[in-house]
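Throughout, protein chains are lettered first and strands after them, A, B, ... in sequence-line order, and every chain is numbered starting at 1. Since the model is a prediction, treat every value here as computed from it, not as a measurement.
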Protein chains: 2
Amino acid sequence: MKKKVTLKQIAKELDVSVSTVSKALKDSPEIGQETIDKVKAFAKLYNYKPNNIAVSLQNRKTKNIAVIIPEIVHHFFTKVISGIEKHANERGYNVIVCLSNEDFEKEVINMETLANGSIDGFIISLSKGTQRKKDYHHLREVINQGMPLVMFDRVTDEIYCDKVVVDDGRGAYNAVRHMVRSGCKRIALVTTEEYLSVGNYRTLGYKNALEDAGIPIDEKLIVRIDDINCEKQIFELFRTQLFDGLLCVNEYFAVAALREARKRNIDVPRQLSIVAFSDGILAQNSFPRLTTVNQHGFEIGETSAKLLIDKLEEVEDDSHYRTEVIKTSLIERESTNPV
Amino acid sequence: MKKKVTLKQIAKELDVSVSTVSKALKDSPEIGQETIDKVKAFAKLYNYKPNNIAVSLQNRKTKNIAVIIPEIVHHFFTKVISGIEKHANERGYNVIVCLSNEDFEKEVINMETLANGSIDGFIISLSKGTQRKKDYHHLREVINQGMPLVMFDRVTDEIYCDKVVVDDGRGAYNAVRHMVRSGCKRIALVTTEEYLSVGNYRTLGYKNALEDAGIPIDEKLIVRIDDINCEKQIFELFRTQLFDGLLCVNEYFAVAALREARKRNIDVPRQLSIVAFSDGILAQNSFPRLTTVNQHGFEIGETSAKLLIDKLEEVEDDSHYRTEVIKTSLIERESTNPV
DNA sequence: TTTTAACACTCTAACGTTTTCGTAAGGGTA
DNA sequence: TACCCTTACGAAAACGTTAGAGTGTTAAAA
């Protein structure tokens with residue numbers, strides 16, 4: 001077991017000073033070529049690598065960024081992480097992933113433990129707990145300390161910072177419009193509870209599309225699911241209402257609907273069109289495969305990382321904040337009819 | 001924007017020395033109660049938090065552990081990460097996630113950049129590239145530096161370290177036995193290419209189960225899929241062979257088979273039983289829902305984190321290595337018949 | 001011959017902690 | 001009065017690095 005070699009040890013071996021070694025390794029013009037060669041050879045021989053921690057302490061940069069997400073067992077977030085990872089790695093940053101598990105407390109704890117030097121900046125998607133509580137003091141605190149923060153997907157207007165959001169409203173609008181054009185007359189919506197920002201935007205898009213198509217909005221066709229009784233609530237929708245189109249705000253709701261449709265011998269897409277938000281593996285592998293609103297999670301991740309690192313590395317800090325809107329796209333598969 | 005306050009600043013304000021402040025905050029008996037109270041009050045007022053980096057440098061511990069996995073967009077690995085996160089957080093550690101993207105080079109780079117002080121230990125599942133290349137120098141190097149390393153799932157015998165593996169052989173064995181008992185006579189296997197360790201163990205379990213049941217092994221019923229031509233190879237299997245049972249080493253293969261079966265109007269499970277390895281969302285939401293071999297990814301993560309942190313915190317290092325075998329369990333759903 | 005400049009280094013401080021060692025003041029004992 | 005022991009605190013080194021300021025030698029310019 002050979003321990004890591006330090007500048008000091010190299011310096012002692014070669015009988016030069018620590019600073020000479022440090023500078024030699026950086027090809028400083030202050031150091032003679034001979035010495036540079038000698039030091040480099042020795043460093044390579046002993047496989048010298050600078051200690052990241054010491055470097056971080058010195059220049060108050062860690063080259064780490066933290067990503068705080070509500071859940072990792074969720075296709076959208078893993079896509080985002082992949083995107084963040086890719087961009088961050090390309091620019092020499094490591095990614096620390098923390099899970100809030102949709103819990104306000106854990107989100108706060110996570111941020112506090114990391115904000116003390118471990119990282120240079122945050123990328124966060126708010127937990128349900130935080131959105132419900134509307135308590136953003138931990139975000140404010142971090143920003144006040146001068147640490148850049150980027151929010152994505154689940155954002156809030158109450159905090160000023162860089163943001164990356166999905167064009168949820170337009171995504172829903174386009175999905176509904178597509179169904180209308182393909183012949184649907186009564187389109188239902190399965191969405192989440194109200195405190196979730198994205199659900200609201202999607203609901204709005206849904207309503208606008210219906211209005212523009214001259215179809216009256218029927219509140220009985222809108223069901224807000226509380227996660228726990230998903231199957232039951234969908235069952236109720238099918239039992240009490242008639243409809244020939246269905247927009248679901250995530251793929252879980254959509255496959256549940258697909259299942260219910262099959263039980264009732266409703267043919268998809270002949271008798272019922274279904275479109276799901278988020279193009280995950282479920283949608284891609286269901287039967288029939290689902291037409292989806294792709295949110296481009298990977299791109300969201302890349303963009304978030306870019307915004308954050310740009311801010312970290314920007315020379316003068318003109319602190320104006322940007323909001324990037326990532327366009328959705330409709331992926332037509334087998335659960336809808338062609339227009 | 002108020003910058004972080006340091007010990008030095010507190011010391012200056014209160015007109016005491018830095019060491020007094022440091023000790024006071026730790027309730028050192030060396031410091032008088034009055035001073036302790038004064039310092040603590042001031043620290044709280046200014047929201048003092050010790051700088052993690054400085055602390056890390058001081059005691060050569062970062063309280064960070066790195067997890068290197070091949071892919072994050074994969075249910076099994078996200079489960080493992082959740083397990084690691086949970087255990088690590090409970091013991092005060094942060095988790096740095098790195099993706100190798102199944103690539104040998106990236107795995108090496110990741111380890112090298114992190115091994116220089118940023119983290120205290122590694123948890124890794126080998127990339128396909130590494131398993132194909134059989135080059136483990138980067139692992140050896142890390143271990144030689146005295147940094148603990150835990151391997152999970154995709155491991156190698158060539159490296160001595162703590163390991164957490166799934167009982168793949170027995171999992172496959174039990175799955176096949178279950179199908180035999182429920183009446184299957186000809187059971188096929190869809191597995192991966194040979195260099196992947198887990199695939200081999202599963203194949204072995206499959207063969208053993210058949211032997212024990214007195215069923216001859218027919219190599220034509222074993223198909224090794226190269227990831228790219230999945231659908232086509234499964235199509236070929238169905239076209240050329242007759243079988244009433246099918247074991248797939250992952251859920252993607254299984255849903256592909258399900259799809260092919262439906263196209264051919266083969267009823268699952270009446271005419272064909274299917275069991276899939278890894279109990280992910282696909283298996284849980286397919287139609288019919290799949291009977292699976294659950295690998296307990298969350299538990300694997302927890303165990304890996306436990307082994308690593310135990311090693312990190314153990315007082316004397318009796319360096320003997322443990323291999324924990326996580327038992328699989330068969331989750332019976334709708335794609336097999338009851339015994 | 002003196003001044004200057006280039007060269008090739010070394011010294012020192014700094015980043016923010018922790019920790020060991022030292023020591024002054026005060027009180028008690030012999 | 002001399003000695004010792006507490007109590008309460010400070011100084012300094014250390015972790016490993018970087019960077020600016022300083023230094024000694026030599027050679028070229030004035």
Would you call [X]-[Y] a salt bridge at under 4.0 Å N-O?
X        : Y        : result
B:Glu102 : B:Arg154 : yes
A:Lys40  : A:Asp27  : yes
A:Glu302 : A:Lys306 : no
A:Arg91  : A:Asp310 : yes

Does anyone know the first and last nucleotide of DNA chain C in reach of chain A, 5' to 3', at under 4.0 angstrom to a heavy atom? C:dA8 to C:dG16

Which atom pairs, donor and acceptor, lie under 3.5 Å between side-chain atoms of residues 110-118 of chain A and protein residues at least two apart or in another chain?
{"residue": "A:Asn110", "atom": "ND2", "partner": "A:Leu99", "partner atom": "O", "Å": "3.1"}
{"residue": "A:Asn110", "atom": "ND2", "partner": "A:Lys106", "partner atom": "O", "Å": "3.4"}
{"residue": "A:Thr113", "atom": "OG1", "partner": "A:Ile109", "partner atom": "O", "Å": "3.3"}
{"residue": "A:Thr113", "atom": "OG1", "partner": "A:Asn110", "partner atom": "O", "Å": "3.1"}
{"residue": "A:Ser118", "atom": "OG", "partner": "B:Asn52", "partner atom": "ND2", "Å": "2.8"}

A:Glu324 and A:Thr303 side chains, donor-acceptor separation under 3.5 Å: no

Would you say the side-chain atoms of A:Ser19 and A:Ser22 include a donor-acceptor pair closer than 3.5 Å? no

Apply the test side-chain hydrogen bond (donor to acceptor under 3.5 Å, both in side chains) to residues A:Asp103 and A:Ser127: give CA-CA distance (whole Å), side-chain angles for both, the deciding distance (0.1 Å), then the verdict. CA-CA 6 Å; A:Asp103 181 52; A:Ser127 72; over 6 Å; no

Kindly determine whether B:Asp162 and B:Lys311 satisfy salt bridge (Lys or Arg N to Asp or Glu O under 4.0 Å), including the steps that lead there. CA-CA 9 Å; B:Asp162 285 325; B:Lys311 187 125 289 180; 3.7 Å; yes

Going through the distances and angles, do B:Lys38 and B:Glu34 end up as a salt bridge (Lys or Arg N to Asp or Glu O under 4.0 Å)? CA-CA 6 Å; B:Lys38 192 175 59 175; B:Glu34 243 181 281; over 6 Å; no

For DNA chain C, which residues in residues 17-26 of chain A have a heavy atom at a distance below 4.0 Å?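 Nucleic-acid contacts, sorted: A:Ser17, A:Ser19, A:Thr20, A:Lys23.
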
For residues 28-37 of chain A, which residues have at least one heavy atom under 4.0 Å from DNA chain C? A:Glu30, A:Ile31, A:Gly32, A:Thr35

Terminal helix-axis angle for the helix from C:dT1-D:dA30 to C:dA30-D:dT1, with five pairs defining each axis and rounding to 10 degrees: 80°

Search all heavy atoms of B:Asn47 against all heavy atoms of A:Glu141 and return the closest pair with its distance. ND2-OE2, 3.6 Å

In this structure, how many angstroms lie between the P atom of D:dC15 and the NZ atom of A:Lys4, rounded?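 Going from NZ in A:Lys4 over to P in D:dC15 covers 17 Å.
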
Hey, does A:Pro148 have a side-chain heavy atom less than 4.5 Å from the side chain of A:Phe122? no

Are side-chain heavy atoms of A:Glu107 and A:Leu126 found at a separation under 4.5 Å? yes

Hey, what's the ring geometry for B:Phe152 with B:Phe76, parallel, tilted or perpendicular (30° and 60° as the breaks)?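 Judged by the thresholds at 30° and 60°, the geometry between B:Phe152 and B:Phe76 is tilted.
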
By a strict heavy-atom criterion of less than 4.0 Å, which residues belonging to residues 52-66 of chain A are in contact with DNA chain D?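 Those residues whose heavy atoms fall under 4.0 Å from DNA chain D, taken from residues 52-66 of chain A in numerical order, are A:Ala54, A:Val55, A:Gln58.
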
Let me confirm one number: the OG1-CD distance from B:Thr78 to B:Glu71, rounded to the nearest 0.5 Å.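 Reported value, rounded in 0.5 Å steps: 11.5 Å.
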
Quick check: on DNA chain D, is the nucleotide nearest B:Asp15 upstream (toward 5') of the one nearest A:Thr6, or the reverse? Name the residue that is more 5'. B:Asp15

